[in-house]
Amino acid sequence: MNTRSTSRTVTFQFAFTLPGMSEPHAPGTFEVRVDEEQLDVTWDARRSTTRIMLDYSGRVEALPVTAGDLEGSILKDQRTHRDTRFS
């Protein structure tokens, strides 16, 4: 099987939470890794796994997250930033 990996960074300006987190995480810039694994079928099909790399006092944890949950948290952070600029 063939695996393709990509990464990007995301920045949160405010504390944020994602499913699977027990408490909010401090803002910052974080790496997001996406691994796409080629499935063994006759058509082009892939399984995608997305993880955000979170730093907890020097210990890095790879938290699995859906692309939708991650993008929703990014949009919420951006809305919060806009709201605080104009209040």
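Only this structure's heavy atoms are used, side chains among them; waters, hydrogens and symmetry mates stay out.
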How close do Phe14 and Asp77 get, counting heavy atoms only, and between which atoms?
N-OD1, 2.9 Å
How about Leu70 and Val32: do any of their side-chain heavy atoms sit closer than 4.5 Å?
yes
Can you see which heavy atom on Ala62 is nearest to which on Pro64, and at what distance?
O-CD, 3.4 Å
Would you say that Phe16 contacts Pro27 through its side chain, given a criterion of any heavy-atom pair below 4.5 Å between the two side chains?
no
Considering all heavy atoms of both residues, which atom of Asp55 and which atom of Gly58 are nearest to each other, and what is their separation?
OD1-N, 2.8 Å
Return the CZ to CD1 distance between Arg79 and Ile74, rounded to the nearest 0.5 Å.
12.0 Å
Could you measure the distance from the OG1 atom of Thr17 to the CG atom of Asp69? Nearest 0.5 Å is fine.
10.0 Å
CZ of Arg8 to CD1 of Ile52, rounded to nearest 0.5 Å, is 8.5 Å
Mind checking what makes salt bridge (charged side-chain N to carboxylate O under 4.0 Å, His left out) contact with Asp35, not counting sequence neighbours?
Arg51
Please determine, by modelled atom types, if Thr29 and Thr9 share a side-chain donor-acceptor pair under 3.5 angstrom.
no
Which ILVMFWY residues are connected to Val60, directly or by a chain of links, through side-chain heavy atoms under 4.5 Å apart?
Met53
Mind checking the CE-CD spacing from Met21 to Glu61? Nearest 0.5 Å is all I need.
8.5 Å
Of all pairs that satisfy ring pair (Phe, Tyr, Trp, His ring centres under 6.0 Å), the ones with a partner from residues 32-79, not counting sequence neighbours:
His25-Tyr56
CZ of Arg47: more than 12 outside heavy atoms within 6.0 angstrom?
no
To the nearest 0.5 angstrom, please state how far the CG atom of Leu63 sits from the OG1 atom of Thr50.
11.0 Å
Walk me through whether Arg4 and Arg46 qualify under side chain to side chain contact (heavy atoms under 4.5 Å, CB included).
CA-CA 10 Å; Arg4 176 175 52 194; Arg46 297 179 180 272; 3.3 Å; yes
Is there a donor-acceptor pair under 3.5 Å between the side chain of Thr6 and the backbone N or O of Arg33?
no
Please give me the minimum heavy-atom distance between Ser7 and Glu31, naming the atom from each residue.
CB-OE2, 3.4 Å
